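Have a look at the structure below, then the notes.
Predicted model only: the values in this text are computed from it and were never measured. Reminder, nothing fancy here: chain letters follow the sequence lines and each chain counts from 1.
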Number of protein chains: 2
Amino acid sequence: MADVAERAGVSVSTVSRTLRGLATVSPEAKRRVEDAARELSFVISRQASSLVTGKTGSVAVLAPTLNSWFTGSVLAGLGPVLRTAGLDLLVYSASDLAERAEFFEQLPARRNADALLVVSFDLTAEESARLDGLGVPVVYVSQRSSGRPSVYVDDVAGARAGVRHLVNLGHRRIAFLRSRRGAAGFTFSSRRRIDGYREALREAGVEPSDELVVDVSAPGRRGTEEAIGTLLGLREPPTAVFAEVDQIAIEAIGVLRSAHIPVPDRISVLGFDDHDMAQWMELTTVAQPAVELGRVAGELARALIDDPNADPTAHRELPTSLIPRGSTGPVGSVGAGESVGSVEPGSEG
Amino acid sequence: MADVAERAGVSVSTVSRTLRGLATVSPEAKRRVEDAARELSFVISRQASSLVTGKTGSVAVLAPTLNSWFTGSVLAGLGPVLRTAGLDLLVYSASDLAERAEFFEQLPARRNADALLVVSFDLTAEESARLDGLGVPVVYVSQRSSGRPSVYVDDVAGARAGVRHLVNLGHRRIAFLRSRRGAAGFTFSSRRRIDGYREALREAGVEPSDELVVDVSAPGRRGTEEAIGTLLGLREPPTAVFAEVDQIAIEAIGVLRSAHIPVPDRISVLGFDDHDMAQWMELTTVAQPAVELGRVAGELARALIDDPNADPTAHRELPTSLIPRGSTGPVGSVGAGESVGSVEPGSEG
DNA sequence: ATGAAAGCGCTAACAC
DNA sequence: GTGTTAGCGCTTTCAT
């Protein structure tokens, strides 16, 4: 910066003012500074400026995984907002409790970011309290945290709408596939989606049964296979399955397909998310605007960062919508035609 | 830090040394510093230390999108490596040429990161040259850049193996679906996969035909629909389709399915990636270890950062492997049974 | 409108 | 093994 100042024939103060776009610089000086900066390809050092301003110029995101549809979508929504605001995006992942504990141990965001976005974690009260003491705004994405900025969809209403759709198709034995992958406390929405599921059942005069709520815990194919196996082994198996997330719904379709159980003719499958792949699996699902959640969370964070009297308890609820596709159908429609589930892999030498 | 020093009854130097884990601190002092730091919940400010050390403690990643399977996988592989090394992960995305130009305009990584990972970009020579002048190591992921650190798979060999599989099944009219989404220069691997495709065809005594190489440009369903439409409109349509990436392969299966063209009985579909969803679509594909690519790239970056005589031209090639599934089958096997493509969406009221 | 100077919180010599 | 001190590259009073 001293170099630029010298080359432009002004003081470092003037260079600093110019580069920050302050109006109190004469056009002449401004021009010369800009030229000099360009010629020396000079860029302001964030570390140095943040040392004095206290602002880091970046926001941190904490997510359970980096390669899930939801996290990817949120990041994709966040990216443009932050770029526009001139903020960098710092990403932390904590896929199990140990990593999560480590994150809270170090609280790296403490001085490293101007805001923290916590994505789809079901934090304990202590963890949240810990974050409150961080000194930077914390935005909860896909989790409602009362009194704290949160961005989410109405999981209860979404799940209710989905189950109503199944009920309207005549289903009464409707199972719920709960995602239990990763350590405990990783799926806040879980409880609420089950609530919506139960509400819709009661609404239809069906008493929710615990045997129809099955956990998918093991990762990969096996977890879903086990869960489906449990359901099919019931004295009275379900005619429809509502998976907490599309990922599992898609796996369920695959597993049923392998077992030659036609979808939706013998079992309807409903998901939640509207994952990119849902349409290609013909999956009926409750769509949630994940990219949009990221965008809104980013804007909320931005507001909290540079508007001192922004509402620090703002909640933003985004809508869900049911997207009917081929994986759900009227109950007991076996023999009505071909189905999503029918597959006969080609043989190979 | 001064507070901690006072509370521990030592100097700031001792605090600094302790917190950085230097051995030259007496156990007694160490303990007291650690206690004091904990009680005051003190964390070292990265900005301040990087100001003097010149190291930022973070690595930057530039990727075209944040919500693609490949980027997500690479980030997932990268995360643990960086965490272990105590490095933060800074993410930049540039989905079109304008954003890309802006990135190079600002070169935010200039002083913001200790290394830059460029993921699946086909950079121009000028862009690469620009990055060379950045002053930090740049690792190319999924792109070979001669003389520069690169991590990739052998796309030619992978594609060749895939097409050989189709040839072995009796296919001779094999189309290639090229991904042309996003702006130009976003898919380095494209050229090499086509090369492998052509090689395998020639090997089988088939002269590659340009009419069988079709671009998928429009995003979403439409692009793939158009491409498949073009292929089906040929005087002699292909009996197999090799998509450059699984995403498009999956869409192709979906489109064919909607058109009631059985897969693989009438058309076999082959992908490249082994996307999470590939198994659920019964997609035969050339698997590439994307998470592993991220991990290796992270280790390479780490080595380049803190080992001054690490090889700055290191190339790491990871293997691909063919995963045969149900979407490919012998040519002309119509009527051989049910198929992946058969779907009759359930009706709904 | 511009410059001089005092730090921001840390690390790296250098003394002890 | 520990303390002192001089900056790292900026921003920000405070003068002018």
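The interatomic distance linking Arg46(A) (CZ) with dT11(D) (P) rounds to 12 Å, in whole Å. Rounded to whole angstrom, the span from the CG atom of Leu22(B) across to the C1' atom of dG1(D) amounts to 12 Å. Distance CG (Asn112(B)) to C1' (dC10(D)): 14 Å, rounded to an integer number of Å. In this structure, the NZ atom of Lys55(A) is 12 Å from the P atom of dT12(D), given to the nearest Å. Atom-to-atom, CZ of Arg32(B) to C1' of dG1(D) comes out at 13 Å; the value is rounded to the nearest Å. Atom CG in Leu19(A) sits about 13 Å away from atom C1' in dG9(D), given to the nearest Å.
A salt bridge links Asp132(A) to Arg148(A): at least one charged side-chain nitrogen sits closer than 4.0 Å to a carboxylate oxygen. Salt bridge Glu126(B)/Arg130(B): absent, no basic N to carboxylate O contact under 4.0 Å. Under a 4.0 Å N-O distance rule, the pair Asp35(B)/Arg32(B) does not qualify as a salt bridge. Under the 4.0 Å criterion applied to side-chain N and carboxylate O atoms, Arg302(A) and Glu299(A) are not assigned as salt-bridge partners.
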The contact string for nucleotides 5-10 of chain C, one letter per nucleotide 5' to 3', using protein heavy atoms under 4.0 Å with B, S and - for base, sugar-phosphate only and none, comes out as B--BBB
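For the pair Thr14(A) and dG3(C), the criterion of a side-chain N or O lying under 4.0 Å from OP1 or OP2 is met.
Heavy-atom minimum distance, Ala5(B) versus Val12(B): CB-N, 3.8 Å.
Rounding to the nearest 0.5 Å gives a distance of 11.0 Å between CG of Asn67(B) and OG1 of Thr71(A).
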